[in-house]
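Here's the structure, in structure tokens; my notes come after.
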Amino acid sequence: MAIGSYEICKGKLRDLLSRMDSCPAEVGMPMLDAFVKDHEASLYNEIGRLTRQLHDSLTTFQTEEKIFSLTKEEIPSAKERLKYVMAMTEQAAQNVLGIVEMSIPVALEIKEDAGDLSEQCKKIAAAEAPGDGMPRLLGDVGEFLSNTKDKAGVLHGQLVEILMAQEYQDLTSQVIKKVINLVQDVEDSLVKLIKITGQKMPVGEFAGNDNKPAGPYVPGVDDQQTRAANQDDVDQLLASLGF
Amino acid sequence: MDRNMKILVVDDFSTMRRIIKNLLRELGFNNTAEADDGSTALPMLQNGSYDFLVTDWNMPGMQGIDLLKAVRSDPKLANLPVLLVTAEAKKEQIVEAAQAGVNGYIVKPFTAVTLKEKIEKIFERIEADKKSA
């Protein structure tokens, strides 16, 4: 209780005592009751203030608990989720690379065989007696068509496999979405915590990590003034340095 | 340009190494080897007669820029052509690489055409320098 209200209280009590001295008990007792009631009211005010403080503290505690569960479970699980995304995307890339490495030679074989056959046709057409080369050409064409049919079948199968290998994208985006939500939760909790503690933070310049490699340019996030957005930017900069 | 030249491809991601190796094969270069960071690559370069180095920048262990600097300061390797293929695109990084003596700089994501152009340009320039020397 503040000193001012204590002085007021003493004054009121002295006043009451002097009035009680000069009146009978039937009048004095209700006067005393009124005084006690008045004093109780200020006690209730104080209890109210304490209750509000307790409530605020509990809210803080809940926020802290939220942060606790974020650090204890959700963030480690988010790390695992992102590792899973890395593993899935890598697996898909390796898978597709493997298929492509198998299909490139098949496509090249078809190209070479077709080129040879085309040369053979030209020679026979230019020959004095084209009919002489026809039986051999016919045999070669037949063999080429049969081989090409098989090889096209192989390529077709490989294209379908490449198609299927893209399914990771659906799954990884769902996982990434979850992690984005978690980051949002962390941000919200931190903002709440800062509001409750009520401390005004000095606004400082973020120093950044200038010495570390910054990774890929992300449109809309990275500053195009300090970073090259594409190969043309790089070439231009290098040209300006006399490259 | 010698299609049989020995090329070392350095990247910490095996998928990227595979992509670059396949693109090089498409361009007719079959004599390639791989390393997953600068500290693995440097002894390979010192002990094997490589003609061309294609390296990423950001790798655990020794980074591409440090590998470039190590190559330039090694008398035996100082003239080795080096092409950086990297996601690092800060202007100061590009300037740093140029000052460290890089021969070409490709920023990821890149295309097969860009790789072909930059490799051709590097070796055209080397040929021109040899003639004028």
Side-chain angles (χ1 to χ4, degrees), chain A residues 83 85-109 111-112 158 162 165-166 168 172 208-243, chain B residues 11-28 30 37-38 56-60 62-66 83-118 121-122 125:
Chain A
K83 275 186 204 159
V85 169
M86 273 177 70
M88 274 196 99
T89 49
E90 196 200 330
Q91 198 195 5
Q94 298 284 16
N95 193 4
V96 169
L97 284 167
I99 299 163
V100 169
E101 279 170 9
M102 284 192 289
S103 56
I104 286 175
V106 177
L108 285 178
E109 273 170 29
K111 188 184 158 198
E112 267 175 37
Q158 287 166 336
I162 289 173
Q166 311 309 312
Y168 76 89
T172 53
N209 300 315
D210 270 349
N211 296 325
K212 283 192 181 162
Y217 168 81
V218 181
V221 176
D222 290 314
D223 181 7
Q224 221 182 317
Q225 293 300 310
T226 57
R227 298 184 62 157
N230 52 42
Q231 189 64 41
D232 285 346
D233 280 2
V234 174
D235 290 349
Q236 247 175 29
L237 179 61
L238 287 175
S240 75
L241 295 169
F243 243 71
Chain B
D11 199 304
D12 53 331
F13 280 90
S14 62
T15 43
M16 189 42 74
R17 294 200 299 270
R18 254 177 116 173
I19 289 169
I20 292 174
K21 276 186 78 171
N22 273 294
L23 289 175
L24 289 172
R25 195 179 299 135
E26 288 291 303
L27 297 173
N30 287 301
D37 87 318
D56 184 21
W57 181 313
N58 188 9
M59 294 178 286
M62 191 190 214
Q63 307 234 336
I65 187 71
D66 298 321
L83 173 64
L84 266 166
V85 180
T86 172
E88 298 307 319
K90 268 204 227 158
K91 290 180 181 169
E92 55 204 87
Q93 287 178 304
I94 299 165
V95 172
E96 186 186 357
Q99 283 167 348
V102 82
N103 298 75
Y105 197 111
I106 293 178
V107 66
K108 292 175 190 170
F110 66 105
T111 65
V113 176
T114 305
L115 184 69
K116 182 170 183 275
E117 278 175 8
K118 298 302 165 199
K121 202 175 159 196
I122 288 171
R125 184 164 293 189

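Protein chains get the first letters and strands the later ones, always in sequence-line order, with residue 1 at the start of each.
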**OP:** Rounded to the nearest 0.5 Å, what's the gap from CD on B:Glu92 to CZ on A:Arg227? Could you check?
**Re:** 10.0 Å
Original post:
How many angstroms lie between atom CD of A:Glu101 and atom NZ of B:Lys21, to the nearest 0.5 angstrom?
Top reply: 8.5 Å
With chain A, which of [options] has the greatest number of heavy-atom pairs at distances under 4.5 Å?
| options | result |
| --- | --- |
| B:Lys121, B:Lys108, B:Arg125 | B:Arg125 |
| B:Asn22, B:Thr114, B:Ile65, B:Thr111 | B:Asn22 |
| B:Thr86, B:Asn103, B:Ile106 | B:Ile106 |

Subject >> Heavy-atom closest pair, residues B:Ser14 and A:Gln94 >> reply: OG-NE2, 2.6 Å
Original post:
What is the minimum heavy-atom distance between B:Val107 and A:Asn230, and which atoms define it?
Top reply: CG1-C, 3.5 Å
Original post:
Would you say A:Glu109 has more than 12 foreign heavy atoms packed within less than 6.0 Å of its CD?
Top reply: yes
Original post:
Are any of the side-chain heavy atoms of A:Leu241 and B:Gln99 separated by less than 4.5 Å?
Top reply: no
Heavy-atom distances under 4.5 Å only: say whether [X] touches chain B with side chain, backbone, both or neither.
| X | value |
| --- | --- |
| A:Leu97 | both |
| A:Leu108 | neither |
| A:Asp235 | side chain |

Original post:
Given a strict heavy-atom distance threshold of 4.5 Å, which part of B:Thr15 is in contact with chain A: side chain, backbone, both, or neither?
Top reply: both
Subject >> Stepwise side chain to side chain contact (heavy atoms under 4.5 Å, CB included) test for B:Lys91 and A:Thr226 >> reply: CA-CA 6 Å; B:Lys91 290 180 181 169; A:Thr226 57; 5.8 Å; no
**OP:** Check for a donor-acceptor pair, side chain of A:Gln231 on one end and backbone N or O of B:Pro109 on the other, with a separation under 3.5 Å.
**Re:** no
Original post:
Out of B:Val102, B:Ile94, B:Val95, which residue meets the side-chain contact (heavy atoms from CB on, under 4.5 Å) rule with A:Leu238?
Top reply: B:Ile94
